Each structure stands twice: as structure tokens, then as C-alpha cells.
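Please read the structure below before turning to the comments.
All ligand and atom numbering here is 1-based and tracks the order in the structure. All values derive from a computational prediction rather than experimental measurement.
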Amino acid sequence: MIKKVAVLYGGRSGEHEVSVRSAAAVMDGLKQLNNLEVLPVFIAKDGTWLLHGNRVAFLPDPNIGGLYLLEGESAGQVLTVDVVFPVLHGPYGEDGTIQGLLELARLPYVGAGVAGSAVGMDKILMKAVLQAAGLPVGEYIWFTATGWTQRKQEYVATVGEKLGYPCFVKPANLGSSVGITKAYNSEELIAAVAEALQYDRRVLVEKMLAGLEIECSVLGNDDPLASLPGQIIPCNDFYDYRAKYLDDRSRLIIPAELPPETTEKVRELAVKTFTALDCAGYARVDFFVQVEEGRVWINEINTIPGFTAISMYPKLWEASGLPFPRLLQKMLELAEERARQTASLKTEYES
Ligand SMILES: Nc1ncnc2c1ncn2[C@@H]1O[C@H](COP(=O)(O)OP(=O)(O)O)[C@@H](O)[C@H]1O
Ligand SMILES: [Mg+2]
């Protein structure tokens with residue numbers, strides 16, 4: 001039987017372009033698998049969903065079982081979908097919103113569910129959950145736009161005393177370094193907060209963590225595995241949007257050259273992070289590692305990491321013995337496994 005996989009890409013996010021590139025690689029890889037048909041669903045920046053130029057939609061009704069065609073010759077008909085593969089980075093894609101729609105529609109989908117996606121996307125909630133699980137995250141403070149307007153001087157003083165400079169200012173929900181600034185003094189801090197508040201109502205300020213930037217890929221559902229870790233060497237002052245996507249001088253070292261015990265610590269923390277955040281399918285966990293001191297800090301999780309053929313996530317699996325098409329195959333299987341688990345749960349209660 002031919003399996004129909006709907007790949008969702010583009011999206012209403014600052015990471016739209018990155019998603020388009022990741023999806024191109026994913027669709028290329030999926031085409032190498034047998035018995036599989038790819039339905040490319042492009043989500044425009046205004047949120048319109050298009051399949052080959054015609055508007056389509058997933059509806060919350062769990063009996064539909066696929067994409068509802070809104071335009072074109074077959075308008076009004078439904079195209080059956082077996083698995084949905086969201087390749088959407090950032091808000092309205094990686095944050096639980098699409099996952100919620102797919103849960104309602106009862107369609108299997110690749111990656112973390114609603115809670116894992118939402119908490120993984122929100123850097124403030126993510127750190128709170130990781131701290132509660134006893135996992136190592138750096139120091140930070142956070143505030144809302146309203147709080148900042150009312151108590152700006154207080155927050156600036158706290159940053160000076162508690163975090164020091166340089167510090168990192170980030171919108172709570174975003175990725176690809178959009179809206180992130182490394183601030184070297186209080187004036188830059190104030191400008192950086194104004195910048196971050198353009199992207200989110202909530203902002204966090206983090207203490208700078210020195211060390212190597214190490215990333216680790218995780219794959220699985222309730223018994224996930226970690227890949228070998230890799231290292232990023234950014235070409236800029238930090239791994240900003242330019243260093244990630246526009247300038248090809250950033251380097252990846254795969255696998256990272258770490259002492260064996262540090263490699264193990266990273267892999268163990270990657271799995272613990274994945275589990276603490278109730279992720280599913282796959283995710284990439286990013287760290288700062290101080291090799292001499294043997295210290296490992298969790299920076300963040302990405303529940304839909306960059307996925308071009310040269311991105312860290314698939315490259316780490318390749319280095320760990322799992323080539324790109326087999327990785328995709330495994331991700332589809334995990335999606336179906338999770339959907340079966342969900343379907344087997346009781347939804348009615350007898351008194
Ligand atoms: N606390 C920190 N200390 C040192 N570098 C940081 C810190 N936070 C972020 N960075 C730098 O900024 C980059 C982007 O930050 P990150 O939190 O990973 O945001 P994104 O979700 O956009 O990838 C990191 O890859 C790293 O280079
Ligand atoms: Mg990052």
C-alpha cells in the first residue's frame with residue numbers, strides 16, 4: 001500500500017525561509033523511500049495552505065482522514081493522508097498549534113505533541129521544566145512587555161548584579177536566533193529588549209555561558225536514543241541568523257572531539273531533556289560545554305530542528321550509522337507508533 005505523507009512547510013513564522021529549505025531536503029529524502037507518496041503542503045506567510053497552488057485545509061473533524069480540498073478540479077473532496085510531517089520552524093508550527101490541530105483531526109504526525117512542542121518552543125517555560133527536573137540550565141531572568149515598561153530600571157539593575165555583561169536577550173518563543181542580541185552594557189540591554197519585544201510579549205535575559213557549542217540528536221518515543229554529539233563553530237560573535245544561514249563559514253565538527261565521559265554526559269542529558277519535556281519522535285538538544293571543568297549546560301531543545309541534508313540533526317545520525325532516508329523512515333514509524341498509543345487510550349469513563 002502506498003503511504004501518503006503530507007509535508008507541511010513555510011509557515012507564519014520568521015523562520016519561513018529556513019523551513020522551505022528544510023522541507024526541500026526532507027521531501028528529497030522521502031522520495032528515496034518505497035511505497036510512499038509525498039503531498040507538499042506549502043503554508044504561505046499569511047497562513048494560507050496550498051497543495052500544488054490550490055487551497056487545502058485540515059479540519060478538526062476526526063472522521064475526515066486527510067486534506068480537504070478547497071479549490072481546483074477536485075474541490076470538496078478529501079485527499080487521504082496517512083502521516084503528517086510538519087517541517088515548520090518557530091511559532092505556528094513548532095509550538096504545538098499545528099500539533100493541536102492534528103490531534104483533533106486524529107492524524108499521525110512526526111515529532112513532539114502539543115505540550116512538548118509548546119514548552120520546548122518557549123524558552124522561559126522550557127528552563128522552568130528543566131530546572132524542576134534537576135537538569136543544568138544557566139541563570140536567567142524574564143519579564144513581560146508590561147513588566148518591562150513598569151520596572152525597567154529594576155530589571156536593568158538585576159541583570160547587572162545577577163547576570164553581568166555580556167548577556168543574551170531573547171524573545172521567549174522563536175528560533176534561528178531571530179530577535180536575539182548579545183548585549184555588552186546596559187544601553188545595549190535596553191535596545192536589545194526593545195528588539196526582542198517586537199517578536200514576543202515575553203523576553204528572557206540569560207547569563208553568558210562560555211564553552212563549546214555542542215548539539216545532540218535524539219530519536220524515539222518513550223525510550224529515545226541519543227546520537228553522537230557534534231560541535232558548532234560559529235563564524236560570528238555568536239551563532240546568529242547570519243552565521244546559521246547566510247554565511248557558510250560556520251563549521252560543524254562531527255562527531256565533536258570531546259573526552260569520552262563528556263560525550264556520555266551530553267548524550268545522557270539529551271535524553272533526559274527530551275523526556276522531561278515530554279517530546280516524541282525526534283528533537284535536537286543544544287548545550288554549552290566547558291571541557292576543562294567537565295561542565296555541561298543545556299541551552300535549548302529544538303523539536304523541529306533544521307533539516308537540510310547538511311544540517312546538524314541528520315548529519316549526527318549519519319555519523320552514528322543511520323543514513324538520511326532510513327532516519328526519515330524511522331521518524332514516520334515513530335509517528336504511527338505514537339498515534340496508535342494515543343488511539344488505544346480510554347476516552348470515556350464509566351462510573
Ligand atoms: N547564554 C548564552 N551564552 C552564550 N551564548 C549564547 C547564550 N544563549 C545563546 N547564545 C548564542 O546564541 C545562539 C542562539 O541562541 P539560542 O538560545 O540557541 O536561540 P535559537 O532558539 O534562536 O537557536 C546560540 O547558538 C549561541 O551561539
Ligand atoms: Mg539554538
Side-chain angles (χ1 to χ4, degrees), residues 13-19 22 88-91 93-95 112 117-127 130-131 136-142 159 162-184 188-189 192-193 195-196 198-200 202-218 229-247 249-253 256 270 273 277 283-290 293 295-307 311-313 316:
S13 137
E15 293 173 272
H16 179 99
E17 284 76 16
V18 185
S19 158
S22 289
L88 297 158
H89 307 305
E94 194 175 349
D95 62 352
S117 300
V119 176
M121 181 87 248
D122 188 309
K123 291 183 163 68
I124 298 167
L125 295 178
M126 174 188 68
K127 280 177 193 279
L130 296 180
Q131 281 178 314
V137 298
E139 279 190 74
Y140 66 101
I141 64 162
W142 70 273
V159 169
K162 193 176 155 190
L163 309 176
Y165 293 99
C167 59
F168 278 83
V169 182
K170 309 178 180 181
N173 284 278
L174 223 67
S176 290
S177 302
V178 177
I180 296 185
T181 310
K182 185 173 182 177
Y184 284 83
E188 288 184 14
L189 169 67
V193 171
E195 164 80 5
Q198 292 187 16
Y199 295 97
D200 204 331
R202 287 150 69 249
V203 163
L204 70 162
V205 184
E206 295 180 8
K207 187 185 178 83
M208 185 180 95
L209 296 171
L212 306 181
E213 282 202 53
I214 299 293
E215 304 187 343
C216 188
S217 298
V218 181
Q231 185 187 346
I232 300 275
I233 304 189
C235 62
N236 283 358
D237 186 22
F238 71 97
Y239 203 34
D240 59 7
Y241 190 88
R242 168 160 288 282
K244 281 178 180 171
Y245 306 112
L246 306 177
D247 191 324
R249 287 176 303 138
S250 292
R251 283 204 304 132
L252 311 187
I253 302 180
T273 300
L277 295 167
R284 196 191 73 222
V285 184
D286 299 348
F287 300 88
F288 297 111
V289 174
Q290 294 167 351
E293 300 83 346
R295 296 193 82 160
V296 179
W297 304 96
I298 300 158
N299 175 33
E300 61 157 344
I301 194 163
N302 295 280
T303 54
I304 307 187
F307 220 113
S311 292
M312 188 64 113
Y313 186 85
L316 287 177

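Short contacts between ligand 1 and Met208, defined as distances under 4.0 Å to a heavy atom of the residue, involve ligand atoms 3 (N), 4 (C). Residue contact check: Lys170 has heavy atoms under 4.0 Å from atoms 8 (N), 9 (C), 15 (O), 16 (P), 17 (O) of ligand 1.
In this structure, the side chains of Tyr239 and Asn299 stay at 4.5 Å or more apart for every pair of heavy atoms. Looking at heavy atoms from C-beta onward, Ile232 lies in side-chain contact with Pro234 at the 4.5 angstrom threshold. Contact check for Lys127 versus Leu204: side-chain heavy atoms found under the 4.5 Å cut-off. No side-chain heavy atom of Tyr140 sits less than 4.5 Å from a side-chain heavy atom of Lys207. Contact check for Phe168 versus Leu209: no side-chain heavy atoms found under the 4.5 Å cut-off. Side-chain contact check for Gln290 versus Trp297: some heavy-atom pair is nearer than 4.5 Å.
Between Lys123 and ligand 1 there is a heavy-atom distance shorter than 4.0 Å. Not a single heavy atom of Tyr140 lies less than 4.0 angstrom from ligand 1.
Within the protein, the N, O or S atoms lying under 2.8 Å from the Mg ion (ligand 2) are Glu300 OE2.
The proximity of Tyr239 to ligand 1, defined as any non-hydrogen pair under 4.0 Å, involves the side chain as well as the backbone.
The closest donor-acceptor contact from the side chain of Glu94 to the backbone of Thr303 lies under 3.5 Å. In terms of modelled atom types and a separation under 3.5 Å, the side chain of Ser217 and the main chain of Tyr313 share a donor-acceptor contact. The main-chain N or O of Asn173 is found under 3.5 Å from a side-chain atom of Asp200 such that the two form a donor-acceptor pair.
Between Asn299 and ligand 1, at least one pair of N/O atoms sits closer than 3.5 Å. Backbone and side-chain nitrogen or oxygen atoms of Asp286 are examined, and none is located within less than 3.5 angstrom of a nitrogen or oxygen of ligand 1. For Leu209, a nitrogen or oxygen atom sits less than 3.5 Å from a nitrogen or oxygen atom of ligand 1, counting backbone and side chain alike.
For atom 1 (N) of ligand 1, the nearest non-hydrogen atom from the set Lys207, Glu213, Glu215 comes from Lys207.
A salt bridge does not link Lys123 with Glu206: none of the charged nitrogens is closer than 4.0 Å to a carboxylate oxygen.
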